[in-house]
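Quick note on labels: first sequence line is chain A, next is B, and so on, each numbered from 1.
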Number of protein chains: 2
Amino acid sequence: MMNKNLVRQFEKIAGAGNVMGEEADRHAYAYDSAVLDSVVPALVVRPDTIEQLGRIVALCNENGTPLTVRGSGTNLSGGTIPTGTDAVVVVTNGLARILEINPQDLYAVVEPGVITAQFAAAAAEQGLFYPPDPGSQAVSTLGGNVAENAGGLRGLKYGVTKDYVMGMEFFDVNGEIVKSGSRTVKCATGFNLSDLMVGSEGLLGVFARIILKLIPPPKASRAMTAVFASVEQASEAVAAIIADRIVPCTLEFLDNFTIRTVEDFRHAGLPVDAEALLLIEVDGHPAEVSEDAEKIQEICRKNGAVQVRAAKNEAEKELIWQARRDALPALARLKPTTVLEDATVPRSRIPDMVKKIKEIGRIYNLDIGTFGHAGDGNLHPTILTDRRDHKEFARVEKAIDDIFDAALAMGGTLSGEHGIGLAKRKYMEKETSKGTILYSRKLKQTFDPKNILNPGKMIGD
Amino acid sequence: MMNKNLVRQFEKIAGAGNVMGEEADRHAYAYDSAVLDSVVPALVVRPDTIEQLGRIVALCNENGTPLTVRGSGTNLSGGTIPTGTDAVVVVTNGLARILEINPQDLYAVVEPGVITAQFAAAAAEQGLFYPPDPGSQAVSTLGGNVAENAGGLRGLKYGVTKDYVMGMEFFDVNGEIVKSGSRTVKCATGFNLSDLMVGSEGLLGVFARIILKLIPPPKASRAMTAVFASVEQASEAVAAIIADRIVPCTLEFLDNFTIRTVEDFRHAGLPVDAEALLLIEVDGHPAEVSEDAEKIQEICRKNGAVQVRAAKNEAEKELIWQARRDALPALARLKPTTVLEDATVPRSRIPDMVKKIKEIGRIYNLDIGTFGHAGDGNLHPTILTDRRDHKEFARVEKAIDDIFDAALAMGGTLSGEHGIGLAKRKYMEKETSKGTILYSRKLKQTFDPKNILNPGKMIGD
């Protein structure tokens, strides 16, 4: 609970109806999508305007009150879990205006609380395309996407959120507006602070308005599947596709465990004996799409695919992507707790990584289903467990350690798209260096001397 | 001159042959390509290895010696002019190794002194494409490109340097290695420090190794020209091309003054009466290229082009781009001093901006030729003058002020691709905000407490 005087000041800024101090309300904002302990905040504030947001930040700083900004709480690394029982959670869903979509100059300006999929749909209505498509896009917010540098299925060809942030205005910890970047494609004015904000996990500032790049949509697309008797063959097919200078917009992988689980769940006729299933989509000009789809099917066959199928129509294409979307919910059904990791390796190391994950599963006697973005090396080993089983969960934690060690040894990264947050902060130095942590902590200390902006996340205290 | 003891320490690190203290040597590194006063440094050091580079940074910091890192000195905003007669210039041309080109995982790792065009050629040899093509690419270095976030002709479709930096290792001011980013397309680990380094103009750290993204090259391309009787019509044609969801890889503009000057220089048959000439290239799949080229020609005609021509072969295409490349040298021939600006506006504001620039030329009685990247709104108004004519140069400075004011009033930016450096620092606050300057200065102070890394540039002291 927060002292009443301070609560009243928040109410004065945001209106009493937007300040939630009841226990039930506070409990609703105590956790996110990561498998971590929840922390009940002292207060939840939901500003209606950007101006209110700035004043809330300033008030928190004046009072040394820790502040976690949260969109829809789909974070998988604990980035939006409150940092203490004295903390304020600021919810951005009242800041959900699309301020501008400019089809002439191919950009949009949004508030941080806009839902990703709704924004993509609004852009599509104007004949434009916003490619980043994180798994949670139906509910996630653009502010959250930017704070975590969210990825998605289209990373290989279209890049990730940071590739679409042209600029932004954000509040520093004093509630002062800082501007960086521009509505123009080119901008070499000042430090690249807007890209520094991308992936900063709420530690350095609070987003006010974000300028996002839009592009013309592809004119055609085609989806296909290829079934392999070994992960190595599937991976060789992926390498051969890239070597042929084809960049699919989506190139997804499901391992045998995941295939069987999805099939049990949906009964869509997936090949339950296959060791690997690739789901591939190409897009672009119709002629290119048709040529590339042909070539990919041929490459898959040459690399030992036992079955290759192209979707003949939208319904068949939808079926293919349904299988991919089913992966997580189907796996999650098996056990009470689902730990979804996102260790990432250079694409050529995928077979080694999948092998290693299987081995780790065996060593610790754990069920691990692996699926993910074969095109960009971003795998999602998904450990099925029960958090209440402390013995097993201790093995899970060891398995995660081993998975990260393996990814780093292969020149990969701890996190492709889920962020560091609380979940992976202890591994940060392993991937980077002591110098990096010190540099990062200096950065944090400079811009947040009272350590109130999502404190303790990513780089510790 | 520097005290001998310190000189000996630099010699110990880099070898006596790589430390240049003679006046003639120092004079050679006193200026860059900006129209600004030269400053003769105290010493020039040319490390052979990255390890030496780190030790040089640490030594400078220990002694409070200002340090400007310089590639080929093609900087147009004074970013590589030494900051005082006590300064050390570190030349990176001994650090010019391409450490890795990885065609499987589509990235390369380079040292900062690699020449841009040589790198692009090395990538092309492996069947890969590095799109950023700043005007100085034949001599500019990748380190310089990253420090300035260099653009080029392909910005509209392919983006600028920052879109190709996947990660880097850099030295902090103490000579400690900081790592950020990854060899993987996706990386959400830690602060996005590598993108913070992009465009940081040497103020925050010294680049050691840079990881760059490579992409498959387009399979075909076609170039064409369109001649217009008014800038408005040319600009409407550009808008109509984008509205038709075509993104040319290059979309360049020359105004009448530039056309006439280039024609005088080369006698290539340019339309000297035209108010605007568009040079356009599309690339991609052959079918797409052919369709888009047809459509663009039609759009240009519909928007009043008096002449539209497509290159029939490589030689004709080469001729088109020769005209664009001639723009700057042809203009530069007219008067002793060429001030090349790069104010940038949203593409839809180009006619207003070109009009405004003409008006400013009239008001101050100056010859201004304008050419540039119509596709991304990045114009290069080029003022022809004689710096020794103090009266005229005072008018030039006023004209530049007015050009920037106009660009900002149209929602544009001070610099599309040339950076801020010394030349534009006084305008920084106008584009951004007081808060931005303070935030940026804090950043500088945190990472460079003795203010030795290219001090005084961009944000002042």
Side-chain angles (χ1 to χ4, degrees), chain A residues 104-105 127 148-149 151 155-156 160 162-163 172 176-179 182-192 195-196 198-200 216 239 242 245 247 284-285 287-288 344 346-348 376-378 411-420 428 431-433 435-436 439-440 442-443 446 458, chain B residues 104-105 127 148-149 151 155-156 160 162-163 172 176-180 182-192 195-196 198-200 216 239 242 245 247 285 287-288 344 346-348 376-378 411-420 428 431-433 435-436 439-440 442-443 446 458:
Chain A
Q104 273 129 38
D105 296 321
E148 299 293 325
N149 191 14
L156 171 61
V160 296
K162 86 162 178 156
D163 299 304
D172 71 9
E176 293 287 328
I177 277 284
V178 179
K179 288 182 193 179
S182 168
R183 284 162 169 78
T184 55
V185 177
K186 288 178 177 170
C187 177
T189 300
F191 289 132
N192 191 357
D195 274 324
L196 175 63
V198 179
S200 64
I242 302 291
R245 303 291 174 257
V247 181
H285 184 277
E288 185 176 22
T344 300
R347 129 177 16 93
S348 59
D376 52 36
N378 181 204
T413 178
L414 289 170
S415 172
E417 55 187 10
H418 294 172
I420 300 297
M428 269 286 289
E431 174 170 342
T432 57
S433 66
T436 310
Y439 199 101
S440 301
K442 268 193 212 166
L443 195 62
T446 301
M458 191 203 283
Chain B
Q104 273 127 39
D105 296 321
E148 299 293 325
N149 192 15
L156 171 61
V160 295
K162 86 163 179 155
D163 299 304
D172 70 11
E176 293 286 327
I177 277 284
V178 179
K179 289 182 192 178
S180 169
S182 168
R183 285 162 168 78
T184 55
V185 176
K186 288 179 178 169
C187 178
T189 299
F191 290 132
N192 191 357
D195 274 324
L196 175 62
V198 179
S200 64
I242 302 292
R245 301 293 174 256
V247 181
H285 185 275
E288 186 175 22
T344 300
R347 131 180 11 96
S348 59
D376 52 35
N378 181 203
T413 179
L414 288 170
S415 172
E417 54 188 12
H418 295 171
I420 300 297
M428 269 286 290
E431 175 169 342
T432 58
S433 66
T436 309
Y439 198 102
S440 300
K442 269 194 210 166
L443 194 63
T446 301
M458 190 202 285

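- Residue with the most contacts toward chain A among Thr413(B), Ile420(B), Ile242(B), Asp105(B): Asp105(B) (heavy-atom pairs, distance under 4.5 Å).
- For the atom pair His285(B) NE2 and His285(A) NE2, the distance stands at 7.5 Å (nearest 0.5 Å).
- Most heavy-atom pairs under 4.5 Å with chain B, from the set Val198(A), Val160(A), Thr184(A): that is Thr184(A).
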Decide yes or no on side chain to side chain donor-acceptor pair (under 3.5 Å) for Thr189(B) and Ser415(A), but give the supporting numbers first. CA-CA 6 Å; Thr189(B) 299; Ser415(A) 172; 4.9 Å; no
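- Ranked by heavy-atom pairs under 4.5 Å with chain B, the list Gly435(A), Pro346(A), Gly377(A) is led by Pro346(A).
- Residues forming a side-chain hydrogen bond (donor to acceptor under 3.5 Å, both in side chains) with Asp163(A) (at least two apart in sequence, or on another chain): none.
- Ser182(A) touches chain B through its side chain: at least one heavy atom from C-beta onward sits under 4.5 Å away, while N, CA, C and O do not.
- For the options Asn149(B), Thr446(B), Thr432(B), heavy-atom pairs under 4.5 Å to chain A are most numerous at Thr446(B).
- Heavy-atom pairs under 4.5 Å with chain A peak, among Arg183(B), Met428(B), Lys179(B), at Lys179(B).
- Of all the listed residues (Leu443(A), Thr344(A), Ile177(A)), the one sharing the greatest number of non-hydrogen pairs under 4.5 Å with chain B is Leu443(A).
- A donor-acceptor pair under 3.5 Å links the side-chain atoms of Ser433(B) to the main chain of Thr436(B), judged by distance alone.
- For the pair Phe191(A)/Leu196(A), no side-chain contact is recorded, criterion being any heavy-atom separation below 4.5 Å from C-beta on.
- Per-residue heavy-atom pair counts under 4.5 Å with chain A were compared for Met458(B), Glu148(B), Glu176(B), Lys162(B), and the maximum is reached by Met458(B).
- Residues passing the side-chain contact (heavy atoms from CB on, under 4.5 Å) test with Val185(A), sequence neighbours excluded: Arg347(B), Asp376(B).
- Here Ser348(B) is the residue among Ser348(B), Gly151(B), Gly419(B) with the most heavy-atom pairs under 4.5 Å with chain A.
- Heavy-atom pairs under 4.5 Å with chain A peak, among Gly411(B), Gly190(B), Gly412(B), Ser180(B), at Gly190(B).
- Residues Leu156(B) and Val247(B) have side chains in contact (heavy-atom distance under 4.5 Å, counting atoms from C-beta outward).
- Interface residue Leu414(A): backbone and side-chain heavy atoms are both found under 4.5 Å from chain B.
- Remark: side-chain polar atoms of Asp195(A) are not paired, donor with acceptor, to backbone N or O of Asp195(B) under 3.5 angstrom.
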